[in-house]
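Accompanying notes for the structure given below.
The chain is numbered in sequence order, starting from 1.
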Amino acid sequence: MGRTSDARERLIEAMNELIWLGSYGSTSVDHICERAEVKKGSFYHYFPGKADLAIAAIDETAGDIFATLDHIYSPTVPPLERIRNEARWGYEHQAEITKRFGRVLGCPLFSLGAEIGTLDEVLCLKVKEILDKHLHYYESALRDAQREKLIAPGPVAPVARRLLAYAEGMLTQARIHNDLSYVKEIEQGFSAMLDILALRKKA
């Protein structure tokens with residue numbers, strides 16, 4: 001039997017890296033094939049176009065991240081600690097990536113979404129889908145915290161959006177400044193926002 005080709009996986013890995021290191025717009029099919037060491041014909045065997053590969057790459061990366069978040073947000077962990085644990089993991093993850101690529105890269109999904117938000121509706125919908133799923137982890141932890149009377153009652157969706165927006169903003173700042181300290185501060189920022197909710201409960 002012939003050796004099973006890993007071309008598809010290499011194309012996905014190359015796409016992820018090129019989007020992370022540069023941008024979607026500046027990444028061509030030729031660039032992707034060159035980095036993946038895959039012939040152009042093989043590219044089109046697996047993917048009709050660049051956007052299709054980008055969606056596959058997003059799905060694969062998101063799958064890995066959500067598997068980690070499923071563990072972090074285990075119901076056996078105290079609700080608010082889950083959110084802080086995600087911030088700690090995020091810093092460790094970014095530190096590993098920085099060591100690998102030589103600079104802070106931030107969140108590729110947020111960078112991609114900001115870039116293509118008005119240009120590619122299908123790709124933008126995929127980015128929104130992943131970000132919305134991420135919000136559900138915050139919402140679940142916040143609802144559990146309310147049930148345990150750790151924070152004030154009220155809608156959790158706006159709080160979850162603020163947590164995600166803060167984290168993504170700090171990741172973007174970290175990329176711009178090439179400075180991991182912005183990522184390190186996310187846990188402190190999360191704690192400050194959650195402390196405000198706890199103080200309201202006691203008032």
Side-chain angles (χ1 to χ4, degrees), residues 16 20 58-101 103-115 117 124-203:
N16 272 325
W20 219 338
I58 290 169
D59 278 333
E60 180 154 313
T61 299
D64 292 340
I65 290 173
F66 289 141
T68 299
L69 292 180
D70 285 343
H71 175 71
I72 290 172
Y73 282 83
S74 167
T76 62
V77 178
L80 301 183
E81 195 62 22
R82 299 171 208 167
I83 297 173
R84 296 186 180 97
N85 285 345
E86 183 191 335
R88 295 181 193 118
W89 167 78
Y91 175 76
E92 293 169 1
H93 182 56
Q94 285 292 318
E96 289 173 5
I97 292 164
T98 301
K99 184 176 180 180
R100 178 181 175 188
F101 292 106
R103 65 165 290 114
V104 182
L105 297 180
C107 175
L109 195 64
F110 194 75
S111 298
L112 176 62
E115 180 186 356
C124 187
L125 285 173
K126 172 56 67 173
V127 172
K128 289 178 181 177
E129 174 192 322
I130 303 303
L131 291 175
D132 286 346
K133 186 172 180 179
H134 195 163
L135 282 172
H136 294 332
Y137 288 92
Y138 294 134
E139 291 172 0
S140 174
L142 291 166
R143 280 193 293 268
D144 286 350
Q146 287 179 337
R147 278 192 287 270
E148 295 182 21
K149 301 188 185 306
L150 299 173
I151 60 173
V156 297
V159 180
R161 287 196 295 269
R162 286 194 288 273
L163 289 168
L164 183 59
Y166 173 75
E168 293 290 1
M170 294 299 277
L171 285 165
T172 302
Q173 289 282 351
R175 178 183 174 98
I176 291 169
H177 294 281
N178 192 29
D179 186 349
L180 275 172
S181 68
Y182 287 90
V183 188
K184 187 76 170 178
E185 288 177 28
I186 292 175
E187 181 184 353
Q188 182 180 350
F190 278 179
S191 293
M193 285 187 269
L194 296 173
D195 285 346
I196 290 171
L197 293 175
L199 287 171
R200 286 177 182 168
K201 168 183 170 290
K202 296 173 184 177

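Counting heavy atoms from C-beta on, the side chains of V159 and I151 never come closer than 4.5 Å. I83 places a side-chain heavy atom less than 4.5 Å from the side chain of L142. The shortest side-chain heavy-atom distance between Q94 and K184 does not fall under the 4.5 Å cut-off.
Separation of atoms NZ (K128) and CG (L135) is listed at 13.0 Å; rounding is to 0.5 Å. The line from CD of E60 to CD1 of I65 is 11.5 Å long, rounded to the nearest 0.5 Å. A distance of 10.0 Å separates CD in E129 from CG in L131, rounded to the nearest 0.5 Å. Between D59 atom CG and D64 atom CG the span is 11.0 Å, to the nearest 0.5 Å. Note that CD of E185 is 4.0 Å distant from CE of M170, once rounded to the nearest 0.5 Å. Taking CG from D144 and OH from Y73, the interatomic distance works out to 11.5 Å, rounded to the nearest 0.5 Å.
Partners of H136 by ring pair (Phe, Tyr, Trp, His ring centres under 6.0 Å), not counting sequence neighbours: none found. For F66, the ring pair (Phe, Tyr, Trp, His ring centres under 6.0 Å) criterion is met by Y137, not counting sequence neighbours. With sequence neighbours excluded, no residue satisfies side-chain hydrogen bond (donor to acceptor under 3.5 Å, both in side chains) with T98.
Taking every heavy atom of both residues into account, L109 and I130 meet most closely at CD2-CG2, 3.4 Å. Among all heavy-atom pairs drawn from A145 and P79, the shortest one is N-CB, 3.6 Å. For R82 against S74, the heavy-atom pair with the smallest separation is NE-O, 3.4 Å. Closest approach of R175 to W20, counting heavy atoms only: NH1-O, 2.7 Å. The two atoms that bring Y91 and L180 nearest to each other are CE1-O, 3.7 Å, heavy atoms only. C107 and L171 get closest at one heavy-atom pair: CB-CD1, 4.0 Å.
Ion pair E168/R161 not flagged as a salt bridge, since none of the NZ, NE, NH1 or NH2 atoms sits closer than 4.0 Å to an Asp/Glu carboxylate oxygen. Taking a cutoff of 4.0 Å between a charged side-chain nitrogen and a carboxylate oxygen, E96 and K99 do not qualify as a salt bridge.
Q146 places a side-chain N or O within donor-acceptor distance of the main-chain N or O of A152, the cut-off being under 3.5 Å.
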Is there a side-chain hydrogen bond (donor to acceptor under 3.5 Å, both in side chains) between H134 and E86 once you walk through the steps? CA-CA 11 Å; H134 195 163; E86 183 191 335; 2.7 Å; yes
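For H71, the NE2 atom is loosely surrounded, since the number of other residues' heavy atoms within 6.0 Å does not exceed 12.
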